[in-house]
Protein chains: 2
Amino acid sequence: MDVKTARKTAAKTKIHELLAASKTALAHSDIQHMVGGLCDRVTIYRVLDRLAEAGAIHKIVDMDGTVKYAACRMCSAGHHHNHVHFSCQKCHALLCLENVVPSYTLPETYTVLETNFTLSGLCPQCA
Amino acid sequence: MDVKTARKTAAKTKIHELLAASKTALAHSDIQHMVGGLCDRVTIYRVLDRLAEAGAIHKIVDMDGTVKYAACRMCSAGHHHNHVHFSCQKCHALLCLENVVPSYTLPETYTVLETNFTLSGLCPQCA
DNA sequence: TCTAAAATGCAACTCTGTTGCAATAGTGCG
DNA sequence: CGCACTATTGCAACAGAGTTGCATTTTAGA
Ligand SMILES: [Mn+2]
Ligand SMILES: [Mn+2]
Ligand SMILES: [Zn+2]
Ligand SMILES: [Zn+2]
């Protein structure tokens, strides 16, 4: 029991809106600038955790280890995040390529639970 | 002109040996424990940079964004690092699967320069 | 052996993320 | 509507990873 019920707050609403409206994944620092003084930076971390937990957004680790977040769009069916992400070395945008899913063959008996496929280079706009 | 010549030092030798002998990729903190008091932590960072620059090791960003290093073994031909890495959620080992290279199809005109394919789950020993 | 510069140690600093706790503010209910 | 419960927030303090500047040490070639 003890099912905690999520509440609607200004920070949560705003952050979710920002991510939903963004074409690229956003880092914590991006969001911090965008929300202005709406809330504390710790709150942003906590809201991001809650949104990810709720399946509204997903966390992405970029090539260099920086963490970004993107709204879930086509993740509805089964909610997997095994699509490819593209990281542009020029404009530094991180994009979800929702319908690119790589195929591979593992020689041994590995159990795959999660994946992180990131390509880095030049996006169509920067090429 | 101005070609700086690399020198052989105790720290560099030791760190390269550690990575060459390890079956799994090592984090900076792992190496720091392993070298004991041989050198400063800043030196470890600098040695790792130099070894990576020289193509003796490669840097790997794990699922959670932590950075690890592995000796280059089968990277000789052309020296690409587009193979898969496997991150075990139980024993926390990060392994290079040198001969697993995923295939994918990009719908648009992206220029791919680097890749990071990491699978996470249970390794054969932990399954 | 002598010397130039590559490499190191140390201190200080930035950036990212976490934790504890008291204060604040949603939500359901009477 | 007004209250009570507790999810959420702000703040301060902290931990970990990585960087930088500079004086000192050490390597390797002449
Ligand atoms: Mn995505
Ligand atoms: Mn590898
Ligand atoms: Zn771009
Ligand atoms: Zn394992």
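Every chain is numbered from 1, with letters handed out A, B, ... down the list of sequences.
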Just wondering, more than 12 heavy atoms not from A:His83 lying within 6.0 Å of its NE2?
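Check passes, neighbour count above 12.
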Rounding to a whole Å, what distance do you find between [X]:[atom1] and [N]:[atom2]?
X: A:Asp62; N: C:dT16; atom1: CG; atom2: P; answer: 13 Å
X: A:Asp49; N: C:dT18; atom1: CG; atom2: P; answer: 6 Å
X: B:Arg50; N: D:dT19; atom1: CZ; atom2: P; answer: 14 Å
X: A:Asp64; N: D:dT19; atom1: CG; atom2: C1'; answer: 15 Å
X: A:Leu48; N: D:dT9; atom1: CG; atom2: C1'; answer: 15 Å
X: B:Asp30; N: D:dG18; atom1: CG; atom2: P; answer: 11 Å
X: A:Glu53; N: D:dA7; atom1: CD; atom2: C1'; answer: 15 Å
X: B:Lys12; N: C:dA6; atom1: NZ; atom2: P; answer: 12 Å

Indicate, with yes or no, if the rings of A:His33 and A:His28 have centres closer together than 6.0 Å.
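Ring-ring flag for A:His33/A:His28: false, centres at least 6.0 Å apart.
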Closest to the [X] side chain: [options]?
X: B:Arg7; options: C:dA4, D:dT8, C:dA11; answer: C:dA4
X: A:Arg41; options: D:dT9, D:dA13, D:dA17; answer: D:dA13
X: A:Val47; options: D:dT19, D:dT27, D:dT9; answer: D:dT9

Provide the closest heavy-atom pair for A:Asn82 versus A:Phe117 in the form atom of the first, atom of the second, distance.
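Smallest interatomic distance, heavy atoms only, reads O-CD1, 3.7 Å.
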Looking at every non-hydrogen atom in both residues, tell me the closest pair between A:Thr118 and A:Val61 and how far apart they are.
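Result for this residue pair: OG1-O, 3.9 Å.
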Are OP1 or OP2 of D:dG10 and a side-chain N or O of A:Thr43 less than 4.0 angstrom apart?
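For D:dG10, OP1 or OP2 has a side-chain N or O of A:Thr43 closer than 4.0 Å.
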N/O (side chain, B:Thr9) to phosphate O (OP1/OP2, C:dT8) under 4.0 Å:
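Checking C:dT8 against B:Thr9, a side-chain N or O does come within under 4.0 Å of OP1 or OP2.
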Classify the side chain of A:Arg46 versus the base of D:dT9 as yes if they form a donor-acceptor pair under 3.5 Å and no if they do not.
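It does not, because no donor-acceptor pair links the side chain of A:Arg46 to the base of D:dT9 below 3.5 Å.
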Both A:Ala10 and B:Val42 contact DNA chain D. Taking the nearest nucleotide for each, which residue is further toward the 5' end?
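Per heavy-atom nearest nucleotide, the more 5' residue is A:Ala10.
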Closer to the 5' end of DNA chain D via nearest nucleotide, is it B:Thr66 or A:Asp40?
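This one resolves to A:Asp40.
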Sugar-phosphate only, base, or nothing, as touched by A:Ile44 at under 4.0 Å among non-hydrogen atoms:
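If one applies the 4.0 Å heavy-atom cut-off, A:Ile44 turns out to touch nothing in the nucleic acid.
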Does a side-chain heavy-atom distance below 4.5 Å link A:Thr13 with A:Lys8?
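They are in side-chain contact.
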